[in-house]
Structure formats: structure tokens, C-alpha cells
Amino acid sequence: MASVDNTGKGVKGEQPRRNAPLWIKLLLGFHVLVITSRTIPNAKDAQLNGKVSPPVFDIGDWIRVWNNRYLKGAPPLEVYLFSTGTWQYWDMFSPNPAYIDVWLDTEIIYKDGSHKFYLYPRMYKLPIPNKYAQERYRKFYERANSDEYKFLWPQVGLRVAYLNDNPKNPPMTVRLTRHYLYVRDPGKPQEQEYTPSMFFEYAVNQRDLARLRALP
Amino acid sequence: MTKPSEKPANEGDFKSTWRAFDNWWFGHGSPTTLGVFRIFTGILAFADFWLIGLHWESWFGEKGYVPAWMGQMWLNPNLKLWFTGDATIPRLDLLNGVTDPRVTIPFFIGCMVFAVLTALGIATRFTSICLAIGMISVQHRNAVILHGGDSVVRLACIYTAVAPSGLACSLDRLIGLWKGKISPDPVRISLWPQRLIAFNVALIYFTTIWLKWDGARWREGIATYFPARMAEFYRFPYPRFVNNFPFVYITTYGTLLVEFAMGTLVFFRPLRKYVLPMGIMMHAWIEYAMNIPLFSFLMISSYISFYDGDEIEGWAARVGKRLARRHVTVRYPSGMRLKSSARAFLEAIDPFHLVTYEASASSDWEASSASGPLKPSRAIATRSVGAYIFGWLPGIWPRILGNSLEPAYTGSVFPSEPANKQKSSK
């Protein structure tokens, strides 16, 4: 063998007895086990709670239940994944693609009673070249719209208040409104208009707003 | 009774299977694939940072949507470190608790610089580790805005950092060859980092389709009907029939088929040439029709991990042969020869083997192609892909060509007759 080495310096020598050191093999095996366990889809709730047993011959469901119960959430595995940044879970357009088109708008009410609407860079309204760079707004507002992440709402209100600030006539209230449209199954009449629904009213914390004004 | 030397047939099968498995994961091969993967990763990581950085204050500023405290809250800071006790999992996040933009902005710019250096392959081990730490930190600082593509680029950075990815297609290697510090012999490495990348890519598809199989809309063949009607995802225009029946059935079941193949069949070489183009077509369509930044580029660039380095080198050589009109012969001055280090360097920057070097009858450098004589430096610079990253620097070619030569050995092979040490005509 002309040269076999991992240094790039081309030291000539014989083929090593092992393909790789044992510790690399063990570490790699552990890593593969952990990322596989992490990415195996979660078991259905009823199966996980023991209310329903997976079908006898559905090996996939049995694996998912077993994985969820004994492996996936085990602290040593989570420590490895989250501390090293190798965490992952792949659920693009699955189990079903999203079927609710949502965008948000905000209404700002000022101290003198006047009000104004503010729209973040909404993808549909943006020219094609700008969409790529500003897609994060869609992702953020998709999550901020969800009840699951209510804790984001006051910060959205504060940010919008700051972006539309006027120290002489400060914003007092920010209302978040979601506009949603269900994409109905094929063959059914499709909705044409988005339905608005105000879901959060933020009373602007003037101390927080003043703190933002003071930041560099 | 069985003799000690006679092993049961199934034991031999197990051993040979295990050996084949071990060889696939850990066997030795060319690092070229990892070098190419490193270039893709560096470029796409830079693009990712750049796209997020355009709206830096919104995503990383204390006046933005996700100040530092909220970034931590999103990560679920209460995940237990162990089965008992109150300790929580530490995350690799150099920006944890940092609220001063005089720190975070230079950190962000530093990450972009490391991405460029990683792509170029300069001090690759150090810069790729810095890039990986930077990428993890930035994503841990604000995970609210992440999508699947971000996970792909983060993992690509981590795998690039742990792999010997600077051994090929890097300035590190070119500089080492030029200085004679690296042997021009082919380098062989244990391929486990490349196999790990390939495994992880297949895992993405396999687990995604597993989850999709739970979805009624995928099973019914109507899943692609829905995202196409989400105004927030629109990108470039396309004909209406693409999102109507029966085309929806084709795209839905086609997606399932491609993802299943990418998760399983892609490892079988005879099928690979069909599976990967199908994956590329699927992602090309997603990239065209839907606004999901960089995701398709990242997935397609990861496909390189399914090819061995020797295959890529062979492909480059075959492409080079087809480009016969671009072939050029560069002749160095008579009485001189190329230093072995310089020859290795010049060959390394020319993966398509478009330039042939040989001795000239004249006293100066010459170059000629099928279409006539050329300027030697221009002939090399335009045909050697590896030179594109430095070949435009003013004054670089006279230095390279001037330092490439040494006097040719013209003495007798017999020990009694001393060698005629001819002086350089330089």
C-alpha cells in the first residue's frame, strides 16, 4: 500500500490492522444509536399511554413505543444531543402538511387614542428577491401565532410598539390579530377570504419600552 | 466431530458480513468527498449567516423579537441532566446570556469569516471547529426561527469539523504540497465521517417518510395539494395544472417514493444513479416553487457523501478528457525541470487534468493548445479550477512559475563522471 494515514502528510506505511481505533467505533456506534432514537417518529399517544396496543404485526409501532418509553427521553442521550448541538427531528410536511394559511397583523393604539396598523414583512406581499432573506419572519410569526407559544406574545407586542414608537405620543396598546384560511380538501368549496381573529392585547409596559429606547 | 479448523458455515458468513459492514463504515479511501462536502458546507453556512444577519436586530438584538432571555426560554432550560436531581443540561452556546451587541455582532461576523475560511480550507481543522461552535451557538441563541435546513447546516458543520476535511480540495493541502511538507502520494483515510454523513442524510428521509405514513393525506395521495395553496409559501409562478389532479397524485406518491428510495435504496450502487437524480429533481422543484431558504441546496449538496472520493476524481478525469479543446501543453525552459513539490502542486490545482507539463526547446515558458500558442500563466490559471481562488492575485503567477523550477540533471549515470550542475537560466 503506497500510503495510508490520516495526517495528510503521506507517511508511507503498511495498512493498519484496524480500520479505525476502537474508541472511534464505539463513539460512532453511540452517536448513530442516539440520533436514530431521536429521529424515530414519536409513538401515538394512545399507544404510549397503554390505552391501545400497537397492532401485533406492526413492528414499526412497537419500535416507536419502546423507543419512546425507554430510549428517546433518557437523560444521558439528551445530554449528549443537546449539549453537543447534534439534536434533530425531521417532520417536514408530516405527518400531514399544514392546511391553515396564517398571517398576523398588529394594531397599535397610541396615548392620544389614535391607532395604526403594522404588518411585518409578510411573504405574500414581498417581491420575489426579498422573500428569501425575510422568510424567517414567516417562520417566527407561524410559531408566534400558536397558543402553544403564548410566552412569545408580549415580546412581539413590545417589539411592534418599539418599531412604531413616538416618545411624544407613546403606544399604549398593541393588538395581535391572526388571519387564517383553511385549505379544504380537494373537491370541497374553498374559502376565499381570511378570517380575522384578535388573540392578544398587550398593554405596553412603558418601563420596558423606555429600556429599549435607551439601548444602543 | 468437527476439527478445530472447520468452522460452521454460518459462522464464516457472520464474520464476512461483519467484515463487510466494518469495511463499509471504517474502510480507507480518498478524502476528496469530504473536501468537496467541506466547500459546500462553508459556502452554505456563510449564506445562512448572511441571510439571517440582514435582519440581525430582529433576531439577535435585545430590542428584537427574541432577546437573549427568550432564546433561553425557548430551548427548554429545564431539561434534566440526570434521572434525579435539579441540574439541567448545559448547551453549547457561547452567546448564552450575552446581551451586548459589541460582543454579539463581532461574534456573528467571526462566524461568517470562519465559514469562508472553512470553504477555502485554510487552517481547516481550527476554522471548521470554530465554524461548528459558532453555528451551534447562533442556533442555540435563537432557535425560534429555525427550520429543517438550519438543522442540516448545523449538522454539516459539526461533521465537517470532526472529519479530516482539509486533506483534499483545500488551500492547506496546496500550501503543504508547494512547500514540500506533504507527500504527493494519495492520502487514504478511514471513511467513517463520510459514512456518517451519508447515514444521517438517509436517516432524514427515512424517518420523514415513516412519519408521513401516519398522515391520512399522504396515504390518500393528496398531500401536495395543500402547501401549494398556502399563499405564504409562494415563490416562482408555475402552471396551474401542476397543483391539480391527477398531477397531485403523481407529486404526492412521487415524493413518498423518492424519500423512501433516498432513505434505503440509495446505498445500493446499481440504484444510486437513479435515486439521486430523483432526489435532486424533487428538491429542485421545492426550491423553485416554495420559499424555504437554502434547504434544497443543503440537501442536494449532501448527496456528494454517497460517492467515494475515487469516483469523484474519476469523474473529473473523464470530464477533462471530454474537454479536449481546452487541453493545453505548458513547456518549461530547457535545461530545467519542475520541482517535485511544484509538479504535485500544479497537478493538485488541476483536477480535470487539462494541463500537461513538459520540457521545452526554448529558454522560456511556453504554452500551446489546439487553437494556437497561449500565455503560460493564463493557460494554467484558466484551466486549473483549484487556482481560481488565488490565481487572480497580482504577481502570483510569475512567482509560482519562477519558483517551480530547478536545474535538470544532465550528468552521467556512471559514478566516475561527476554530474554537470547546470545553473539556472532564471
Side-chain angles (χ1 to χ4, degrees), chain A residues 2-6 8-12 19-20 24-25 28 31-32 35-36 39-41 60 75 78-79 82-86 88 90-99 101 103 122-124 128 131-136 138-140 143 151-152 155-156 159 162 183 185-186 212 215-216, chain B residues 22 26-28 51-52 54 59 62-65 70 73 79-83 89-92 101 136 144-145 147-148 151 154-155 158 164 167 173 182-183 185-190 192 196 199 203-204 207-208 210-212 214-215 217 222-223 225-227 229-232 234-235 291 293:
Chain A
S3 60
V4 180
D5 76 312
N6 284 353
K9 292 178 182 170
V11 180
K12 293 191 177 181
N19 278 329
I24 284 188
K25 292 184 177 184
L28 189 84
H31 178 79
V32 165
I35 62 172
T36 305
T39 52
I40 288 176
E78 291 205 321
V79 169
F82 291 117
S83 58
T84 58
T86 49
Q88 51 190 295
W90 308 105
D91 57 358
M92 287 84 75
F93 303 112
S94 51
N96 280 306
Y99 57 95
D101 200 13
W103 58 277
R122 187 190 160 200
M123 293 302 105
Y124 182 65
I128 289 173
K131 286 187 178 189
Y132 220 60
Q134 303 190 43
E135 201 275 342
R136 307 285 172 171
R138 188 202 63 77
K139 193 74 192 174
F140 177 80
R143 286 175 171 155
F151 64 89
L152 293 172
Q155 187 64 28
V156 173
R159 170 72 176 166
Y162 172 76
V183 180
D185 281 358
L212 292 199
L215 285 174
Chain B
D22 186 72
F26 300 102
H28 286 70
L51 286 173
I52 300 179
L54 290 174
W59 308 129
E62 290 305 295
K63 293 190 275 191
Y65 288 104
M70 182 168 284
M73 186 185 274
L79 277 175
K80 294 277 185 202
L81 183 65
W82 199 246
F83 297 96
I89 296 177
R91 301 241 188 184
L92 178 54
I136 296 167
V144 188
I145 57 170
H147 58 67
S151 294
R154 171 168 40 79
L155 294 168
I158 293 170
L167 295 188
R173 177 156 174 82
I182 294 179
S183 161
D185 290 337
V187 180
R188 313 299 282 180
I189 57 161
S190 178
W192 65 265
L196 179 57
F199 174 82
L203 190 67
I204 292 172
T207 55
T208 304
W210 193 349
L211 192 55
K212 282 189 171 101
D214 285 350
R217 290 193 166 95
I222 59 172
Y225 178 88
F226 297 90
R229 282 162 175 77
M230 310 278 257
E232 299 304 302
Y234 287 169
R235 200 164 177 221
N291 190 45

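Chain A is the first sequence line, chain B the second, and so forth, proteins listed ahead of strands; every chain is numbered from 1.
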- Task: Measure distances from Leu155(B) to the heavy atoms of chain A and classify the residue's part below 4.5 Å as side chain, backbone, both or neither.
- Result: side chain

- Item | Spatial distance of atom NE2 (His147(B)) from atom NZ (Lys139(A)) [nearest 0.5 Å] | 7.5 Å

- Item | Pairs of heavy atoms under 4.5 Å with chain A: top-ranked of Ile204(B), Leu196(B), Thr208(B) | Ile204(B)

- Task: Classify the angle between the aromatic ring planes of Phe140(A) and Tyr65(B) as parallel (below 30°), tilted (30 to 60°) or perpendicular (above 60°).
- Result: tilted

- Item | Atom pair NZ/OG of Lys25(A) and Ser190(B) - distance to nearest 0.5 Å | 8.0 Å

- Task: Could you tell me whether the side chain of Leu92(B) reaches within less than 4.5 Å of the side chain of Phe82(A), counting heavy atoms only?
- Result: no

- Note on the structure: Of the listed Pro90(B), Gly64(B), Pro101(B), the one with the largest count of heavy-atom pairs under 4.5 Å with chain A is Gly64(B)

- Hey, what do you get for CE (Met73(B)) to CZ (Phe151(A)), rounding to the nearest 0.5 Å? 6.5 Å

- Can you name the closest pair of heavy atoms from Asn291(B) and Lys131(A) and give their distance? ND2-O, 3.1 Å

- Note on the structure: Here the gap from Thr207(B) atom OG1 to Gln88(A) atom CD, rounded to the nearest 0.5 Å, amounts to 8.0 Å

- Message: So for Leu51(B), is it side chain, backbone, both, or neither that comes closer than 4.5 Å to the heavy atoms of chain A?
- Response: both

- Using modelled atom types only, decide if a donor and an acceptor are shared between the side chain of Arg143(A) and the backbone of Val144(B) within a distance under 3.5 Å. yes

- Rounded to the nearest 0.5 angstrom, the CH2-CG distance for Trp90(A) and Leu211(B) is 13.0 Å

- Item | Intermediate values then yes/no, salt bridge (charged side-chain N to carboxylate O under 4.0 Å, His left out), Lys212(B) and Asp91(A) | CA-CA 8 Å; Lys212(B) 282 189 171 101; Asp91(A) 57 358; over 6 Å; no

- Applying a strict 4.5 Å limit to non-hydrogen atoms, the region of Ile35(A) in contact with chain B is both

- Message: Minimum heavy-atom separation for Leu212(A) and Glu62(B), please, with both atom names.
- Response: CD2-O, 3.7 Å

- Message: Only pairs of heavy atoms separated by less than 4.5 Å count here; which of Val156(A), Ile40(A), Thr84(A), Leu28(A) has the most with chain B?
- Response: Leu28(A)

- Item | Pick from Arg154(B), Arg235(B), Arg217(B) with the largest number of heavy-atom pairs that fall under 4.5 Å of chain A | Arg154(B)

- Heavy-atom side-chain proximity of Asn96(A) to Phe226(B) below 4.5 angstrom: no

- Query: Closest approach of Ile222(B) and Pro186(A), non-hydrogen atoms and distance?
  - Reply: CD1-CD, 3.9 Å

- Message: Taking atom OH as the centre, does Tyr99(A) end up with more than 12 heavy-atom neighbours from other residues, nucleotides or ligands that are less than 6.0 angstrom away?
- Response: no

- Item | For the student: nearest non-hydrogen atoms of Asp214(B) and Pro95(A), plus distance | CB-CB, 4.0 Å

- Message: Quick check for you: among Pro97(A), Ala20(A), Ala133(A), which has the greatest number of heavy-atom pairs under 4.5 Å with chain B?
- Response: Pro97(A)

- Message: As a quick check of understanding, evaluate side chain to side chain contact (heavy atoms under 4.5 Å, CB included) for Tyr234(B) and Met123(A), giving each step before the final call.
- Response: CA-CA 8 Å; Tyr234(B) 287 169; Met123(A) 293 302 105; over 6 Å; no

- Query: With chain A, which of Arg229(B), Arg91(B), Glu232(B) has the greatest number of heavy-atom pairs at distances under 4.5 Å?
  - Reply: Glu232(B)

- Task: Indicate yes or no for a side-chain donor-acceptor contact from Asp101(A) to the backbone of Ala231(B) under 3.5 Å, with no hydrogens or angles considered.
- Result: yes

- Closest non-hydrogen atom pair, Tyr225(B) against Asp185(A): CE2-C, 4.3 Å

